[in-house]
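These notes are about the structure you will find just below.
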Amino acid sequence: MHLWQNYIKQVTRPILRRARRNPKIRANGRLLMELGNTTLQLRFLQYLAHRYMHQNKFLCRHVHSQHHRLVVPYAIGALYDHPLEGLLLDTLGGAISFLIPGMTARTSVLYFCSAVVKTADDHCGLWLPGNIFHIFFQNNTAYHDIHQLPDTKYNYYQPFFSIWDKLLRTHMPYTIVKRHEGGLEARLVKG
């Protein structure tokens with residue numbers, strides 16, 4: 001971890017020197033640092049909690065399964081979950097990610113609004129051309145569809161990055177294929 005911290009210091013030092021002289025750069029630099037810090041902290045904690053809820057049979061059956069049971073034609077159903085899961089993962093996790101890095105109100109509005117929109121997009125079931133989220137983020141609607149397959153304990157992702165799945169070996173590769181009936185389908189890559 002020490003090498004990683006030194007690398008971050010070496011990369012950010014020139015940026016921070018320039019930022020001290022320019023208030024606009026200083027404000028935007030702080031915004032980016034807060035967003036990056038929050039993304040790493042909150043998404044790692046949510047990844048671990050989500051994975052644990054799938055691996056613990058009691059929590060999976062009585063708490064997290066409520067989210068997987070809901071089949072609705074609207075994407076905001078992604079936020080439908082058991083009250084305990086909503087309290088622990090969403091509310092408490094959000095409070096921790098807001099308070100620990102000392103996020104400003106502006107940053108928190110930007111971060112949490114984009115997280116809700118990205119979560120709804122991942123659950124919408126649509127693969128639309130030119131979707132900005134699909135361009136910038138590897139975990140998307142198809143990535144989430146693989147997670148939703150019965151008895152699949154992969155792709156626990158949280159909205160923005162799939163790095164934790166890759167590092168902790170829960171990433172399941174997939175491919176997008178055209179269906180004969182029309183539309184697209186995410187399928188596991190057999191290997």
Side-chain angles (χ1 to χ4, degrees), residues 35 38-40 42-91 93-94 97 109-191:
L35 287 173
T38 298
T39 298
L40 287 173
L42 176 63
R43 297 306 163 200
F44 182 65
L45 291 174
Q46 285 194 324
Y47 167 87
L48 290 176
H50 187 197
R51 183 175 174 177
Y52 184 71
M53 285 198 181
H54 275 271
Q55 292 176 338
N56 182 302
K57 290 180 182 180
F58 178 82
L59 289 176
C60 190
R61 187 175 303 122
H62 299 290
V63 177
H64 187 63
S65 66
Q66 188 165 338
H67 168 75
H68 286 272
R69 275 195 303 251
L70 184 67
V71 178
V72 293
Y74 48 89
I76 204 67
L79 301 175
Y80 176 80
D81 53 15
H82 191 278
L84 181 63
E85 183 176 3
L87 177 68
L88 293 177
L89 263 66
D90 301 332
T91 307
S97 67
V109 167
L110 178 66
Y111 181 77
F112 291 115
C113 287
S114 63
V116 169
V117 170
K118 176 74 168 75
T119 299
D121 179 66
D122 290 346
H123 286 77
C124 76
L126 298 174
W127 187 276
L128 302 172
N131 184 328
I132 192 90
F133 291 125
H134 294 180
I135 293 169
F136 288 107
F137 301 106
Q138 206 174 26
N139 55 333
N140 46 42
T141 305
Y143 194 88
H144 184 259
D145 286 350
I146 297 302
H147 170 72
Q148 295 286 27
L149 292 173
D151 299 322
T152 302
K153 293 189 177 4
Y154 296 99
N155 295 3
Y156 295 109
Y157 90 115
Q158 287 298 324
F160 298 106
F161 302 103
S162 58
I163 188 169
W164 302 122
D165 278 318
K166 290 178 181 171
L167 288 174
L168 299 172
R169 298 179 184 209
T170 56
H171 173 73
M172 177 60 71
Y174 62 90
T175 185
I176 307 291
V177 295
K178 284 191 174 194
R179 296 180 346 168
H180 296 297
E181 310 84 39
L184 302 170
E185 181 180 351
R187 290 192 186 158
L188 296 173
V189 173
K190 296 177 181 168

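When side chains are defined from C-beta on, Leu168 counts as touching Arg51, because their heavy atoms get closer than 4.5 Å. In this structure, Phe133 and Val117 have side chains that are in contact, with non-hydrogen atoms separated by less than 4.5 Å. Contact check for Thr141 versus His134: side-chain heavy atoms found under the 4.5 Å cut-off. Proximity of Asn139 to Lys118: side-chain heavy atoms (C-beta onward) are separated by under 4.5 Å at one or more points. Side-chain contact between Asp122 and Thr119 is absent, with no heavy atoms from C-beta onward closer than 4.5 Å.
Atom CE of Met53 sits about 6.0 Å away from atom CG of Leu88, to the nearest 0.5 Å. Within the model, atoms CG of Asn131 and CG of Asn140 stand 8.5 Å from one another, a figure rounded to the nearest 0.5 Å.
A distance-only check finds no donor-acceptor pair linking the side chain of Gln66 to the backbone of Tyr80 [under 3.5 Å]. A donor-acceptor contact shorter than 3.5 Å links the side chain of Ser65 to the backbone of Cys60.
When every heavy atom of Ile176 is checked against every heavy atom of Ala142, the shortest pair comes out as CD1-CB, 3.3 Å. Between Val189 and Thr175, the closest heavy-atom pair is CG2-N, 3.8 Å. Here the closest heavy-atom approach between residue Leu59 and residue Asn56 is recorded as N-OD1, 3.0 Å. Taking both residues in full, the closest heavy atoms of Tyr154 and His147 are given as O-ND1, 3.0 Å, listed atom of the first, atom of the second, then distance. Smallest separation of non-hydrogen atoms from Leu89 and Gln46: O-NE2, 2.9 Å.
With hydrogens and angles left out, the side-chain atoms of Asp145 and Tyr174 include no donor and acceptor closer than 3.5 Å. Side chains of His50 and His67: no donor on one and acceptor on the other come within 3.5 Å.
Ring planes of His144 and His123: tilted class, angle from 30 to 60°. Ring orientation note: the planes of Phe44 and Tyr47 are close to parallel, at an angle under 30° on the 30°/60° scale.
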Checklist entry - Would Arg179 and Leu184 satisfy side-chain contact (heavy atoms from CB on, under 4.5 Å), going step by step from the backbone distance to the final call? => result CA-CA 6 Å; Arg179 296 180 346 168; Leu184 302 170; over 6 Å; no
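Evaluated for a side-chain hydrogen bond (donor to acceptor under 3.5 Å, both in side chains) with His64, the options Glu85, His82, Arg69 yield exactly one hit, Glu85.
Under a cut-off of 6.0 angstrom, the local environment of OH in Tyr143 is crowded, with over 12 non-hydrogen atoms contributed by other residues, nucleotides or ligands.
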